[in-house]
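Some notes on the structure that comes next.
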Amino acid sequence: MGNTLVFGASLNPSRYSNLAIHRLVENQQETFAFGVRQGTVSGIQIKDNLTDFQNIHTITLYMNPQRQKEYYQKIIDLKPERVIFNPGAENPEFATMLMDVGVKVENACTLVLLATGQY
C-alpha cells in the first residue's frame with residue numbers, strides 16, 4: 001500500500017484522527033498528516049500546507065462535509081487513488097466529484113479497516 005494522508009489530523013489524543021495516525025504508524029503504513037494546527041503525533045508531523053504532500057495513495061478524511069468544501073479541488077489535485085470518508089465525514093457531493101475523476105471512494109472507518117486487516 002502507498003502513502004496515507006490523514007486529512008483533518010488533530011493533536012487532541014481523544015480525536016479519532018489522532019488515533020488513526022497512531023494505528024497507521026503501528027501498522028507500518030507510510031503516514032502523513034494535514035490539519036489546521038501544526039504539531040507532532042506518533043512521530044508524524046502535522047502540516048498545515050497541502051503543497052508539502054505528493055505521491056499520496058490514500059486520503060483518510062476526518063473533516064465534516066461543510067469544512068471539506070474549501071479543500072475539494074486541493075484534494076483532487078493531490079491525485080489520490082483512494083479517499084476514505086470516515087464516520088461523520090461522509091459527503092455524497094464530494095464522493096461523486098472524486099469518482100468522476102477516477103478516485104476510489106470508501107465510506108468506512110480507517111480504524112476498523114486496520115484492525116481487521118482490510119486496509
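Basis for what follows: all heavy atoms, side chains included, without hydrogens, waters or symmetry-related copies.
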- Message: Just to verify, what does Phe53 make a ring-ring contact (aromatic ring centres under 6.0 Å, His included) with, not counting sequence neighbours?
- Response: none
- Message: For Tyr62, give me all partners under ring-ring contact (aromatic ring centres under 6.0 Å, His included), at least two apart in sequence or on another chain.
- Response: none
- Side-chain (Ser17) to main-chain (Ser10) donor-acceptor, under 3.5 angstrom: yes
- Shortest non-hydrogen contact between Leu113 and Ala108, atoms and distance: CD1-CB, 3.9 Å
- Query: So with a 6.0 Å cut-off around OH of Tyr16, is the heavy-atom count from everything else above 12?
  - Reply: no
- Side-chain (Asn86) to main-chain (Ala89) donor-acceptor, under 3.5 angstrom: no
- Do you know which two heavy atoms are closest between Thr31 and Gln29, and how far apart they sit? OG1-O, 2.8 Å
- salt bridge (Lys or Arg N to Asp or Glu O under 4.0 Å) filter on Lys104, not counting sequence neighbours, yields Glu106
- Note on the structure: Tightest non-hydrogen contact, residues Ile46 and Arg37, listed as CG2-O, 3.3 Å
- Task: Work out which heavy atom in Met97 is nearest to a heavy atom in Ile76; give both atom names and the distance.
- Result: CE-CD1, 4.1 Å
- Looking at residues at least two apart in the chain, or sitting in another chain, which of them share a salt bridge (Lys or Arg N to Asp or Glu O under 4.0 Å) with Glu70? none
- Query: For Gln28, does the CD atom sit with more than 12 other heavy atoms under 6.0 Å from it, leaving out its own atoms?
  - Reply: no
- Item | salt bridge (Lys or Arg N to Asp or Glu O under 4.0 Å) against Lys79, all qualifying residues, sequence neighbours excluded | none
- For the residue pair Leu11 and Asn18, what are the closest heavy atoms and their distance? O-ND2, 3.3 Å
- Candidate list Thr4, Ile44, Leu111, test side chain to side chain contact (heavy atoms under 4.5 Å, CB included), partner Leu24, passing option: Thr4
- Criterion side chain to side chain contact (heavy atoms under 4.5 Å, CB included) against Tyr119, the qualifying member of Asn27, Ile84, Val112: Ile84
- Task: Can you sort out the partners of Glu90 under salt bridge (Lys or Arg N to Asp or Glu O under 4.0 Å), two or more places apart, ordered by chain and number?
- Result: none
